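Below is one structure, written out as structure tokens; the observations come after it.
Values below: every heavy atom of this structure, side chains too, minus hydrogens, waters and symmetry copies. Atoms within a ligand are numbered from 1 in the order they appear, just like the ligands themselves. Note that the coordinates shown come from a computational prediction; the quantities given were computed from them, not determined experimentally.
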Amino acid sequence: MSETKEHVKCLIIGSGPAGYTAAIYAARADLKPVMIQGLQPGGQLTITTDVENYPGYPEGVQGPKMMEDFKAQAERFGTDIRWGYVTSVDFTGPVHKIVIDEKTEITADSVIIATGASAKWLGLESENRLNGFGVSACAVCDGFFFKGQDVAIVGAGDTAAEEATYLAKLCKKVYMIVRRDEMRASKAMQHRVENTANIEILYNHETKEVMGDKTVTGVKVVNNKSGEEKVLDVTGFFVAIGHQPNTDIFKSWIDMDETGYLKTTPGSTKTNIPGVFASGDAQDHIYRQAVTAAGTGCMAAIDAERYLSDKGIH
Ligand code: NDP
């Protein structure tokens, strides 16, 4: 299958905040890292607009610009950044095999997984068109922009419940669109939502359309029992129907939870495979922030450096 045989000390899979931070640390530790960028170079931040909660940018920064800065910093120390998508891995032996675009095989002494996660979307054309212009999948990232305004959030799990209460502190009114007659969220979270005065829960409702041309001007919903439609007068639309970690290719190798988040030894980025480290949203379903992803990317590079050093690989 492979035309090219290449061996590297440290291979980084993924190019979000975790991957680039791992690259900066690994390159400075002289691990000569090679990064395979993946399908969405720069990761989830390339589909957001303003980032105001990443330390070091007092005036805020556009998500895509921030990822260009991360990339430039990783390149400055010599990271070899390549286009490509990892299509399979083989972690049988001490030397790990990684196949890129189904044809190029690279072997690596250490692997840092930073493949991230993808937010799930409803799949509406209007939701996609207004993504970043009033439509968001992260209340903690974007809620601030809707201070004092009315917003809607779709979803009924713990994330939606948590984000609805977060938004309720900032916004005038929050509509929570729930497709069934009950929520999936834990009872404690349900009670918190029900007891928040400015949250209105719309049970048995589904979203038909996000309205607006350049920004969100409303959301059309339908009651799936009565068929009655109405328009919610909101300027923000949040989608919180779950995330999917991008970890399918690691399924038969790395221990993961039932949703697919990679398991790491607490306090480290070590997976069940020696020399394979996991960082960022691929292993974190709780915090999911750029800064926490960057933090675990740093940890992964330090863990990889110590692993290689213990093995006498210099
Ligand atoms: P979940 O998978 O738990 O919930 C997703 C929700 O989105 C469900 O209520 C589901 O509805 C709804 N949904 C899915 N697709 C659609 C759709 N097309 N239209 C409308 N609604 C839709 O995801 P979460 O992100 O909420 O949680 C993931 C995991 O993380 C869970 O195990 C959760 O408990 C955990 N978590 C824990 C927290 C904590 O403990 N503090 C905080 C956040 C998450 P339906 O119920 O009808 O299927």
- Mark whether atom 31 (C) of ligand 1 lies under 4.0 angstrom from at least one protein heavy atom. no
- Query: Have Ser118 and Asn246 got a donor and an acceptor in their side chains that come within less than 3.5 Å?
  - Reply: yes
- How close does the nearest protein non-hydrogen atom get to atom 33 (C) of ligand 1, and which residue and atom is it? Asp158 OD2, 3.6 Å
- Message: I'd like the name of whichever of Leu124, Thr159, Val239 reaches closest to atom 44 (C) of ligand 1 through any heavy atom.
- Response: Thr159
- Query: Would you say Phe277 and Thr271 make side-chain contact, with heavy atoms under 4.5 Å?
  - Reply: no
- Message: Which option wins on minimum heavy-atom distance to atom 46 (O) of ligand 1: Glu206, His243, Arg180, Glu258?
- Response: Arg180
- Can you figure out which of Glu182, Glu162, Arg184 has its heavy atom closest to atom 1 (P) of ligand 1? Arg184
- Side-chain contact test, heavy atoms from C-beta onward, threshold under 4.5 Å: evaluate it for Val8 versus Glu6 and give yes or no. yes
- Message: Restricting to ring pair (Phe, Tyr, Trp, His ring centres under 6.0 Å), what partner residues turn up for Tyr261, sequence neighbours left out?
- Response: His285
- Taking 4.0 angstrom as the limit, do Arg82 and Glu75 come out as a salt bridge? no
- For atom 23 (O) of ligand 1, the closest protein heavy atom turns out to be Gly242 CA, 3.8 Å
- Item | Per atom 6 (C) of ligand 1, closest listed option by heavy atom (Gly157, Ala188, Gly123) | Gly157
- Message: Is it the case that atom CG in Asn53 sees more than 12 heavy atoms from other parts of the structure closer than 6.0 Å?
- Response: yes
- Message: Yes or no, since that's all I need: does a protein heavy atom fall within a distance strictly under 4.0 Å of atom 19 (N) of ligand 1?
- Response: yes
- Task: Give yes if a backbone or side-chain nitrogen or oxygen of Arg179 is under 3.5 Å from a nitrogen or oxygen of ligand 1, and no if not.
- Result: yes
- Query: In ligand 1, which numbered atoms sit nearer than 4.0 Å to a non-hydrogen atom of Ala156?
  - Reply: 6 (C), 7 (O), 9 (O)
- Nearest-contact summary for atom 7 (O) of ligand 1 - protein heavy atom, Å: Ile241 CA, 3.3 Å
- Query: For the hydrophobic clusters of this structure (ILVMFWY residues joined by side-chain heavy atoms under 4.5 Å, transitively), does one cluster hold both Met211 and Leu232?
  - Reply: no
- Query: Between Ser126 and Glu209, is any side-chain donor less than 3.5 angstrom from a side-chain acceptor?
  - Reply: no
